[in-house]
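These notes are about the structure you will find just below.
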Amino acid sequence: MFRSVARISSALKQNKLQNHLFQKWSECAVVTQTRNVSEESKSFGLNLFRGQAHGEQVFPFPEVLNEEQRDNLQMFADQTAKFFEEQNDALKNDLLETVEPETMEGLKALGAFGLQVPVELDGLGLTNTQYARLVEIVGAHDLGVGIVLGAHQSIGFKGILLFGNDEQKQKYLPKLAAGENIAAFCLTEPASGSDAGSIKTRAVLSDDGKHYILNGSKIWISNGGLAEIFTVFAQTPVTDKNGDTKDKVTAFIVERSYGGVTNGAPEKKMGIKCSNTAEVYFEDVKIPVENVLGGEGGGFKVAMNILNNGRFGMVAALAGTMRYCVHKAVDHAGSRVQFGKSIHTFGTIQEKIAQMAIRHYVAESMAYMISANMDQGFKDFQIEAAIGKIYASEGAWYCADEAIQILGGMGFMRDCGIERVMRDLRIFRIFEGTNDILRLFVALTGIQYAGKHLKDVQKALKNPIGNIGTVVGFAGKMAKRKLGASTGVDLHNDSNVNPELQDAAKKASKAIEHFGGTIDQLLIKYGKNIMHEQMVLNRVAEAAIDIYGMVCVLSRASRSLSTNVASASTESAMCQTFCEEASVRVETNLNIAVSDRNMKTFRTLSTISDEVIKHGGCVQEHPLGF
Ligand code: MYA
């Protein structure tokens with residue numbers, strides 16, 4: 001073992017290998033410098049890309065509510081559940097394609113429009129964890145209403161909460177919290193969806209320097225037809241210190257009352273029908289200069305941070321939806337008799353119910369891990385929030401689909417309720433960052449972080465004697481990876497992991513090491529070109545999602561075992577099963593990511609796609625020849 005370490009260490013000092021690595025790592029460092037992460041982060045998700053298991057964020061499972069917060073939350077949660085059970089009618093909202101005025105008034109009375117607005121500005125002042133619990137209840141009952149509330153506060157006025165100055169907060173937040181004014185987030189445009197930086201809406205400073213004049217249009221704006229206050233992103237000419245002027249995105253608070261703000265008719269949608277979605281047009285809108293949010297030219301970061309900050313709400317809401325789907329499936333499976341037996345006794349149904357319950361357990365654990373991390377003040381949670389959004393939106397889709405399958409024909413009927421849930425759910429894999437874009441975001445942000453680390457090694461290699469610790473440490477890691485030995489990730493020895501979960505933790509440790517080794521390999525193999533290998537990046541993201549899921553449930557199930565809660569043994573079983581299955585998926589995905597054979601398949605897939613595109617559809621003749 002030590003000889004291998006020495007061999008690799010000396011190989012690293014040889015010019016050829018060194019130059020190759022220098023070049024590759026420099027390329028990676030350059031390409032990834034544009035993504036915004038701390039130099040040394042405490043994020044579990046980011047450090048995973050360095051093959052490290054940073055436990056600070058994830059172990060033990062965080063408990064962030066004090067007694068008073070817990071009691072208040074219990075009260076709000078009971079009131080919210082009662083409201084949704086007794087006063088809100090999700091099927092009626094869906095049919096009418098609107099939330100009726102009395103329901104809106106009831107939500108306002110609950111304080112549901114200002115959940116996180118500070119108490120002194122007339123909101124409920126909830127923490128992220130408290131907010132998560134309430135939106136989970138909303139998500140279990142009516143995703144359409146959830147979007148009305150979420151588009152308002154999760155993204156509509158979140159910019160004012162995060163980036164607003166005191167005057168802006170005092171001016172806008174009280175009325176927004178009361179639901180007297182509704183807010184909307186205006187980013188997407190006809191030619192600018194995932195590529196948020198390419199928006200065309202423009203604002204230019206008036207001659208007297210007192211206003212910006214805003215022109216442009218936005219599409220698919222949730223609450224677009226209801227809102228009085230808009231967070232609008234527009235290009236503005238910004239002159240840098242060298243005197244060069246370039247368009248950069250700036251965020252503005254825009255009031256409908258300024259004039260020149262109009263909207264289109266409500267869109268006809270597949271789901272979340274009761275929420276209002278509309279085009280919004282801005283024509284020579286005069287925005288006072290005081291209404292810039294987060295500084296001129298700082299709008300892209302404002303947008304990204306609002307989205308990063310809002311995603312955990314979606315994870316929690318969808319965990320609520322999954323819980324609902326599990327209950328619907330269980331209700332039916334427990335009472336339906338076929339072939340002389342209750343259908344829940346059949347293996348086919350058991351497997352479905354168990355898989356639904358496991359996915360829900362994972363998503364719920366992610367939701368409360370992320371919200372707690374945000375409450376604890378961790379700055380980097382963007383990878384985890386993106387992972388949570390992907391996992392929960394796909395997990396909820398799976399649960400709704402399997403619940404309908406278990407219910408059979410009954411599930412297909414409108415009155416059953418899940419048909420609406422399934423339609424409502426479809427958009428969650430698309431908006432707030434499509435899952436496809438978020439997978440690339442997870443992979444590239446993580447790879448950038450790993451690239452920074454390799455840059456330190458690169459620096460050390462320029463003076464290996466003076467930096468012998470860094471060089472030998474890195475060389476040792478590479479050697480161990482080559483030999484298939486552990487590089488020291490030992491979740492299974494962490495005192496926070498319950499002994500009953502040792503095997504599952506070993507699988508997670510192995511997956512983390514495999515992951516770190518794969519990232520190094522990819523960096524060396526592709527350099528900056530890794531950013532163009534989306535099929536590879538998707539496998540990397542998939543593995544990251546599974547590993548984060550494993551760690552979240554290991555942490556949570558360990559807490560449940562150590563506190564001996566009634567569900568501990570089922571939680572332990574769900575955790576172990578998830579870790580078992582996820583570790584197999586991780587291995588498969590990581591092997592695919594580096595395999596030349598699979599690269600050939602990826603290239604063939606690109607060629608097939610090119611052909612299909614060239615033909616404007618399917619290439620082959622119909623089997624009947626006409
Ligand atoms: S709203 C519309 C949603 N739209 C999107 O999500 C757009 C998706 N696109 C993007 O996110 C970006 O364009 C991507 C980057 C990621 C593709 N955090 O060169 P870059 C920094 C922090 O990589 P691009 C909706 O759907 C980066 O470091 N910083 O950028 C309604 C760099 O900084 P610097 C970030 O390649 C939903 C700079 O930006 C991030 O152009 C309704 C440029 O980076 C980041 N994430 O694109 C939902 N990304 O220059 C309702 C980049 O300093 C809510 N950067 O190095 C429902 C709530 C649930 C229910 C609640 C019930 C109550």
Side-chain angles (χ1 to χ4, degrees), residues 30-38 80 84 107 110 112-116 126 131-156 158 162 183-189 192-199 218-224 231 233 248-249 272 275-277 297-321 367 379-386 388-389 392-393 396 424-425 427-445 448-449 531:
V30 170
V31 75
T32 53
Q33 251 159 19
T34 53
R35 311 196 79 82
N36 197 22
V37 287
S38 323
T80 308
F84 275 93
L107 290 166
L110 275 178
F113 283 86
L115 297 174
Q116 295 203 275
L126 300 187
Y131 176 85
R133 181 69 187 103
L134 294 191
V135 301
E136 183 193 341
I137 295 169
V138 180
H141 289 89
D142 193 336
L143 285 168
V145 170
I147 293 309
V148 177
L149 295 172
H152 170 72
Q153 56 201 312
S154 192
I155 54 176
K158 195 54 145 310
L162 294 176
F185 177 84
C186 294
L187 178 63
T188 307
E189 297 184 3
S192 173
S194 291
D195 184 4
S198 68
I199 54 171
K218 302 284 178 177
I219 55 167
W220 303 326
I221 302 304
S222 297
N223 290 347
T231 301
F233 298 89
K248 288 189 101 180
V249 177
I272 55 162
S275 69
N276 174 283
T277 310
F300 192 74
K301 285 219 168 139
V302 172
M304 292 301 113
N305 278 300
I306 292 172
L307 292 166
N308 289 343
N309 264 275
R311 285 192 183 114
F312 81 97
M314 206 177 254
V315 189
L318 293 169
T321 317
K379 294 284 169 267
D380 291 323
F381 50 79
Q382 60 273 49
I383 278 207
E384 289 82 356
K389 190 272 189 181
S393 56
D424 287 349
L425 276 175
I427 190 64
F428 284 79
R429 286 157 56 198
I430 298 171
F431 65 11
E432 248 195 4
T434 66
N435 287 9
D436 315 273
I437 281 291
L438 291 182
R439 280 192 162 85
L440 299 175
F441 169 72
V442 167
L444 283 173
T445 306
Q448 174 210 12
Y449 186 69
M531 67 189 288

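Indexing begins at 1, ligand by ligand and atom by atom, following the structure's order. The first residue in the sequence is number 1, and the count goes up from there.
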Listed partners of Ala184 passing side chain to side chain contact (heavy atoms under 4.5 Å, CB included), at least two apart | Ile221, Asn223, Ala227, Phe230
Give the atoms of ligand 1, by number and element, whose distance to some non-hydrogen atom of Asn308 is under 4.0 Å.
-> 18 (N), 22 (C), 45 (C), 46 (N)
Closest to atom 3 (C) of ligand 1 (heavy atoms only, candidates Ala317, Ala385, Gly433) is Gly433
Taking Ser275 for the side chain and Ile272 for the main chain, is one N or O donor matched with an acceptor at less than 3.5 Å?
-> yes
Here the pair of heavy atoms bringing Leu438 nearest to Gly433 is CD1-O, 3.5 Å
Any heavy atom of Lys301 under 4.0 Å from ligand 1? The part involved is side chain
Take the angle between the ring planes of His152 and Phe113 and call it parallel below 30°, perpendicular above 60°, tilted in between.
-> perpendicular
If you compare Phe428, Tyr131, Phe300, Phe185 by their heavy atoms, the one closest to atom 43 (C) of ligand 1 turns out to be Phe300
Check ligand 1 against Leu307 and write out every atom of the ligand that is under 4.0 Å from a heavy-atom position of the residue.
-> 5 (C), 6 (O)
Backbone N/O of Ile199 and side chain of Glu189: donor-acceptor pair under 3.5 Å = no
With Arg439 via side chain to side chain donor-acceptor pair (under 3.5 Å) - residues at least two apart = Glu394, Glu542
Proximal atoms of ligand 1 relative to Thr188 (non-hydrogen, under 4.0 Å) = 2 (C)
Is Lys389 reaching over with its side chain to a backbone N or O of Phe428, donor-acceptor style, under 3.5 angstrom?
-> yes
If you count the atoms of ligand 1 from 1 in the order shown, which ones are under 4.0 Å from a heavy atom of Phe441?
-> 40 (C), 45 (C), 46 (N), 49 (N)
Relative to ligand 1, is Ala196 under 4.0 angstrom through side chain, backbone, both or neither, heavy atoms considered?
-> both
Minimum heavy-atom distance between Val145 and Leu107, given as atom pair plus value | CG1-CD1, 3.7 Å
Selection from Ile155, Thr321, Ile199, Leu440 by shortest heavy-atom distance to atom 48 (C) of ligand 1 | Ile155
Who's closest to atom 57 (C) of ligand 1 heavy-atom-wise, of Ile147, Leu143, Ile272?
-> Ile147
Which of these, Lys158, Met531, Glu432, has its nearest heavy atom closest to atom 26 (O) of ligand 1?
-> Glu432
